[in-house]
Number of protein chains: 2
Amino acid sequence: MSRGAEGGGAQRPGDGEHRPPVMMDVARLAGVSHQTVSRVLNGHAKVRQQTRQRVLDAMRELDYQPNSAARMLVTRRSNTLGIVTFDSTLFGPSSMVYGIEQAARAAGYFVTIASSRSLSRSSVLEAVNRLREQAVEGIVAIVPKDSAVDALASVPAGIALVGVGVGGAADVPMVGVDNTAGAELAVHHLLDLGHRTVHHVSGPAGWPEARERVAGWQKALAEAGAAEPEVLVGDWSARSGYQAGQAVARDPEATAVFCGNDQMALGVLRALSEVGRRVPDDVSVVGFDDIPEAPYLIPPLTTVRQDFGEVGRRSMELLLRIAEGEQSHHRIHLTPRLVVRTSAARPAS
Amino acid sequence: MSRGAEGGGAQRPGDGEHRPPVMMDVARLAGVSHQTVSRVLNGHAKVRQQTRQRVLDAMRELDYQPNSAARMLVTRRSNTLGIVTFDSTLFGPSSMVYGIEQAARAAGYFVTIASSRSLSRSSVLEAVNRLREQAVEGIVAIVPKDSAVDALASVPAGIALVGVGVGGAADVPMVGVDNTAGAELAVHHLLDLGHRTVHHVSGPAGWPEARERVAGWQKALAEAGAAEPEVLVGDWSARSGYQAGQAVARDPEATAVFCGNDQMALGVLRALSEVGRRVPDDVSVVGFDDIPEAPYLIPPLTTVRQDFGEVGRRSMELLLRIAEGEQSHHRIHLTPRLVVRTSAARPAS
DNA sequence: CGGGCTAGTGTTAACGTTCACACCATGACC
DNA sequence: GGTCATGGTGTGAACGTTAACACTAGCCCG
């Protein structure tokens with residue numbers, strides 16, 4: 001079948017002016033009232049089997065498609081949820097969108113997205129308003145930056161809202177991995193291997209998750225009585241990791257680095273390799289996220305795994321609970337786990 | 001500000017049953033008819049400045065939000081476009097979604113997504129139907145697999161539809177990079193460097209883009225009179241690239257590899273490094289896509305760049321043209337370009 | 001001074017569903 | 001034999017907006 005060339009639904013002004021069939025058309029064809037058609041459509045019990053079949057046949061014959069706007073108008077329900085994301089090539093956000101969409105579909109909802117260019121307050125608010133125009137019944141906001149989280153707190157309370165990656169301190173219902181615990185996992189692993197201390201390449205200032213990972217790193221170092229080197233601040237990108245890695249490479253004392261995400265770890269690996277510092281022989285590296293490529297970096301990256309799909313599903317779940325008016329327990333922390341590969345080993349003694 | 005607990009918007013007296021304000025409420029407050037409110041809302045010219053202001057004030061005071069369902073019902077327009085994607089952690093699809101969303105927003109449309117679990121025919125059709133239920137005015141389908149493309153061809157012609165990454169042979173309007181040309185670029189680059197021939201790690205069978213890249217590779221080899229080694233078939237993942245890389249490493253004749261995407265190239269790099277074959281000294285490697293991490297692999301990856309954001313924008317543009325009934329030129333090929341880094345060099349002679 | 005134009009506003013009727021009923025057989029029960 | 005529930009169906013009336021038209025003033029023009 002060739003399409004595209006054909007005029008498709010193009011109802012050019014011409015004579016015909018054929019409208020898509022409506023419930024009344026189906027009713028007429030089946031010889032019943034429109035209400036009976038509605039009952040069949042919504043699976044009401046009180047319809048005779050034989051009548052139901054006639055209606056079903058008529059629907060098929062006319063290729064009837066219920067008008068969602070009319071239904072929405074009268075039921076006051078859009079069956080739609082919104083996602084606010086940001087324009088990023090980061091692995092996390094984009095993979096969470098799928099988890100959310102699947103969970104939403106399973107719960108019988110449609111999903112519309114609104115991306116916020118910058119995660120600035122105004123940009124996030126604008127995205128939220130776009131979704132409100134669409135009459136969404138709830139919003140999952142993937143906005144892991146302080147300015148954006150503040151914006152969420154000022155969204156009018158009439159609409160159900162869940163933040164993702166907004167950090168444990170946020171003043172909105174939220175779902176996220178326990179970043180502090182994850183960082184501790186990574187740092188303890190390195191200290192247990194025998195490293196004196198651990199350097200940290202962090203995410204950028206103003207990102208709650210970056211801050212929490214820094215906190216976990218600090219806590220683990222403090223518990224072990226290890227010295228706390230200066231944080232190397234990155235921006236989540238491989239490029240920034242590369243730059244940080246150059247700094248690490250210049251420091252002969254540095255034997256272990258914990259990176260705020262895998263992309264930066266990748267950059268660190270590259271910087272170290274470039275100057276001939278071997279991983280893990282000379283320097284150990286640990287990342288965060290466990291991107292699909294992590295096992296195939298050089299060397300395979302030991303990292304802290306976040307299950308983004310799970311985050312998506314859980315945020316959906318929480319959103320629905322809130323939308324139904326439940327009040328309790330609006331703070332879900334998922335436990336990350338350490339995936340040991342070969343980029344971290346005991347230091348050369 | 002704490003949210004979630006409080007019940008939101010202040011309402012009409014009579015305790016119970018508080019409905020959101022409607023156009024009539026605004027009209028009453030402003031002392032005009034609802035039609036005048038409608039005119040203000042839609043920016044009609046024939047409203048006295050003073051009246052307009054009164055209406056605007058009233059809207060603000062009531063925190064009025066137009067009911068999109070009612071509007072949709074009467075205008076017969078949803079202002080919504082749909083995206084069909086698939087659940088993948090591939091870089092391309094997820095970054096295109098943003099390009100599309102931005103372009104759609106700029107054109108005044110909302111975007112709803114429907115993901116297809118498997119790219120099987122039925123799964124794609126189901127996703128398309130979900131969008132039709134939502135009354136979308138057009139669909140961009142990111143479904144780069146034959147089974148899915150077939151499904152698109154059988155979508156009823158009433159709805160505007162654009163395929164992305166569906167290959168040049170698809171029987172639907174489409175936007176995509178010129179894969180054949182891109183592959184030729186890569187292979188010629190390697191041959192020009194002095195390699196006798198070039199091996200290829202391809203994407204999986206049944207993916208049009210994989211096939212087109214294979215074709216470009218074959219064409220370039222044939223033009224140069226080079227022998228055509230057996231294709232190593234992967235599945236786009238780093239893991240499959242790693243396996244293919246092991247095969248390459250075992251072949252002492254192999255000095256150059258062109259990979260169907262960057263993830264597989266990454267796996268190849270790792271496999272070669274593991275057995276001590278140096279890149280680019282012993283083996284040259286070229287990828288496809290130019291993922292953000294490509295410059296920071298070991299060594300920095302020479303690759304063919306696709307601009308996914310541009311693909312998103314162009315597909316949106318095409319979709320709107322089709323929706324408006326334009327008939328011509330429904331096949332857009334973007335030209336990729338080679339980004340030379342250091343993973344490919346002349347062979348050791 | 002009547003006709004026609006224009007700016008500004010109101011009135012009424014769609015749009016296509018679902019909801020709340022009313023209605024009719026039928027059979028059961030006292 | 002009358003009441004009562006109960007399966008099955010039809011009849012309005014919403015829902016909240018925009019479209020189409022009608023209606024006033026006020027003004028210009030011949």
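Here is the naming used below: chain letters follow the sequence lines, and residue numbers restart at 1 for every chain.
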In terms of side-chain heavy atoms of Val22(B), which of dT18(D), dT17(D), dC15(D) is nearest? dT17(D)
Of the listed nucleotides (dG16(D), dT17(C), dT18(C)), which one gets closest to any side-chain atom of Leu73(A)?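 Output: dG16(D).
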Phosphate-side-chain proximity, [X] and [N], N/O vs OP1/OP2 below 4.0 Å:
X	N	value
Arg77(A)	dT18(C)	no
Asn42(A)	dT18(C)	yes
Tyr64(A)	dG16(C)	no
Arg76(B)	dA14(C)	no

Report the distance from atom [atom1] of [X] to atom [atom2] of [N], rounded to the nearest whole Å.
X	N	atom1	atom2	value
Leu62(B)	dG16(D)	CG	C1'	15 Å
Asp25(A)	dT17(C)	CG	C1'	13 Å
Gln65(A)	dT17(C)	CD	P	10 Å
Met24(B)	dT18(D)	CE	P	14 Å
Met23(A)	dC15(C)	CE	C1'	14 Å
Glu133(B)	dT17(C)	CD	P	13 Å
His44(A)	dT18(C)	NE2	C1'	8 Å

Between Asn129(A) and Glu133(A), is any side-chain donor less than 3.5 angstrom from a side-chain acceptor? no
Are any protein N/O atoms closer than 3.5 Å to N/O atoms in nucleotides 8-11 of chain C? If there are, list each pair with its distance.
residue : atom : partner  : partner atom : Å
dT9(C)  : OP1  : Arg48(B) : NE           : 3.3
dT9(C)  : OP1  : Arg48(B) : NH2          : 3.0
dT9(C)  : OP1  : Thr51(B) : OG1          : 2.7
dT9(C)  : OP2  : Arg48(B) : N            : 2.9
dT9(C)  : OP2  : Thr51(B) : OG1          : 3.2
dG10(C) : OP2  : Ser33(B) : N            : 2.8
dG10(C) : OP2  : Ser33(B) : OG           : 3.1
dG10(C) : OP2  : Thr36(B) : OG1          : 2.9
dG10(C) : N7   : Arg39(B) : NH2          : 2.8
dG10(C) : O6   : Arg39(B) : NH1          : 3.4

So do the side chains of [X] and [Y] get within less than 4.5 Å of each other, counting heavy atoms only?
X	Y	result
Val84(A)	Ser115(A)	no
Glu61(B)	Leu29(B)	yes
Arg132(B)	Pro156(B)	yes
Lys145(A)	Ser120(A)	no
Met23(A)	Tyr64(A)	yes
Ser116(A)	Val143(A)	no

In short, the helix from dC1(C)-dG30(D) to dC30(C)-dG1(D) is bent end to end, axes from five pairs each side, to 10°, by 50°
Output yes when Glu324(B) and Arg321(B) qualify as a salt bridge under the 4.0 Å nitrogen-oxygen rule, no when they do not. no
Between Ala70(B) and Arg71(A), which has a closest nucleotide on DNA chain C that is more 5'? Ala70(B)
Give the C-alpha distance, both sets of side-chain angles, the deciding distance and a yes or no for side-chain hydrogen bond (donor to acceptor under 3.5 Å, both in side chains) between Arg52(B) and Thr36(B). CA-CA 8 Å; Arg52(B) 178 189 309 280; Thr36(B) 297; over 6 Å; no
